[in-house]
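Every heavy atom of this structure was used, including side-chain atoms; hydrogens, water molecules and symmetry mates were not. Source: prediction; values computed, not measured.
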Amino acid sequence: QVQLVESGGGLVQAGGSLKLSCAASGSIFSINTMGWYRQAPGKQRRLVASITIGGSTNYRDSMKGRFTISTDNAKNTVYLQMNSLKPEDTAIYYCNAVVMRPTMRMETYWGQGTQVTVSS
């Protein structure tokens with residue numbers, strides 16, 4: 001019913017930048033929240049940044065100042081601009097969306113992830 005498709009991951013040198021995107025499609029009344037999480041090998045999946053339908057943003061402290069989350073509401077798309085990347089940013093990045101379905105039921109969806117690798 002709802003699909004999230006991430007793109008923009010890849011290999012980048014330390015200090016470089018990447019911009020991730022995630023497009024939501026399917027039967028959607030509205031998107032309450034979209035966000036990015038990441039999971040490194042052997043570690044828990046953790047929030048990177050999120051943004052609400054009203055534009056309120058939230059960042060994990062370690063990301064604040066380097067990463068910027070934004071949306072194109074008309075396209076149901078969320079972006080993550082990542083600057084000054086560090087090797088410790090290497091992880092699989094997952095898109096998340098909390099979606100109001102046409103039935104007025106709130107549901108959570110995950111993308112399949114996109115790999116970000118930062119080399120020294």
Side-chain angles (χ1 to χ4, degrees):
Q1 294 295 321
V2 177
Q3 185 176 12
L4 306 179
V5 179
E6 302 108 326
S7 63
L11 176 65
V12 65
Q13 292 183 343
S17 299
L18 285 173
K19 188 174 184 178
L20 307 182
S21 64
C22 172
S25 62
S27 182
I28 299 170
F29 180 79
S30 65
I31 299 178
N32 180 258
T33 305
M34 296 191 79
W36 291 94
Y37 293 71
R38 73 184 189 187
Q39 187 169 22
K43 296 185 178 180
Q44 296 180 344
R45 187 177 300 186
R46 297 185 63 183
L47 173 73
V48 176
S50 64
I51 185 166
T52 71
I53 191 170
S56 179
T57 59
N58 184 47
Y59 297 88
R60 179 146 53 98
D61 286 346
S62 62
M63 313 301 155
K64 194 172 185 179
R66 295 192 298 124
F67 293 4
T68 302
I69 190 168
S70 62
T71 58
D72 183 338
N73 290 332
K75 297 180 179 179
N76 284 340
T77 298
V78 64
Y79 305 93
L80 184 68
Q81 178 67 51
M82 304 186 294
N83 299 324
S84 301
L85 284 163
K86 305 174 182 179
E88 53 261 44
D89 294 320
T90 295
I92 301 174
Y93 285 70
Y94 296 91
C95 180
N96 171 269
V98 179
V99 175
M100 178 70 78
R101 303 293 304 280
T103 59
M104 298 297 106
R105 180 179 179 181
M106 196 77 75
E107 298 180 353
T108 300
Y109 293 89
W110 291 92
Q112 291 189 317
T114 184
Q115 177 71 46
V116 172
T117 302
V118 184
S119 62
S120 300

Okay, side chain of Arg45, backbone of Arg38: is any donor-acceptor separation there less than 3.5 Å?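 No, the answer is negative, given that no donor and acceptor are paired below the 3.5 Å cut-off.
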Is the backbone of Leu47 close enough, under 3.5 Å, to the side chain of Arg60 for a donor and an acceptor to pair up by distance? yes
Side-chain heavy atoms of [X] within contact of [Y], under 4.5 Å:
{"X": "Ile31", "Y": "Asn76", "answer": "yes"}
{"X": "Val78", "Y": "Ser70", "answer": "no"}
{"X": "Met100", "Y": "Asn32", "answer": "no"}
{"X": "Asp89", "Y": "Val116", "answer": "no"}
{"X": "Glu6", "Y": "Tyr93", "answer": "no"}
{"X": "Tyr59", "Y": "Thr68", "answer": "yes"}

So for atom CD, which belongs to Gln13, do other residues, nucleotides or ligands contribute more than 12 heavy atoms lying within a distance under 6.0 Å?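 It does not: Gln13 CD has 12 such atoms or fewer within range.
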Partner set under side-chain hydrogen bond (donor to acceptor under 3.5 Å, both in side chains) for Asn73, not counting sequence neighbours: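 side-chain hydrogen bond (donor to acceptor under 3.5 Å, both in side chains) list for Asn73, sorted by chain: Thr71.
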Which value, rounded to the nearest 0.5 Å, describes the distance between [X] atom [atom1] and [Y] atom [atom2]?
{"X": "Gln3", "Y": "Cys22", "atom1": "CD", "atom2": "SG", "answer": "10.0 Å"}
{"X": "Ile51", "Y": "Met34", "atom1": "CD1", "atom2": "CE", "answer": "10.0 Å"}
{"X": "Ser50", "Y": "Tyr37", "atom1": "OG", "atom2": "OH", "answer": "6.0 Å"}
{"X": "Gln39", "Y": "Gln44", "atom1": "CD", "atom2": "CD", "answer": "8.5 Å"}
{"X": "Phe67", "Y": "Leu20", "atom1": "CZ", "atom2": "CG", "answer": "8.5 Å"}
{"X": "Trp36", "Y": "Met82", "atom1": "CH2", "atom2": "CE", "answer": "8.0 Å"}

Side chain to side chain contact (heavy atoms under 4.5 Å, CB included) between Thr108 and Val99: does it pass, once the steps are laid out? CA-CA 6 Å; Thr108 300; Val99 175; over 6 Å; no
Strictly by modelled atom types, are Asp72 and Thr77 linked by a side-chain donor-acceptor pair under 3.5 Å?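 There is no such pair between these side chains.
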Scan for side-chain hydrogen bond (donor to acceptor under 3.5 Å, both in side chains) pairs involving residues 109-120, sequence neighbours excluded, and state none if there are none. Arg101-Tyr109, Glu107-Tyr109, Gln115-Thr117
From CA spacing to verdict: side chain to side chain donor-acceptor pair (under 3.5 Å), Ser7, Ser21: CA-CA 5 Å; Ser7 63; Ser21 64; 2.7 Å; yes
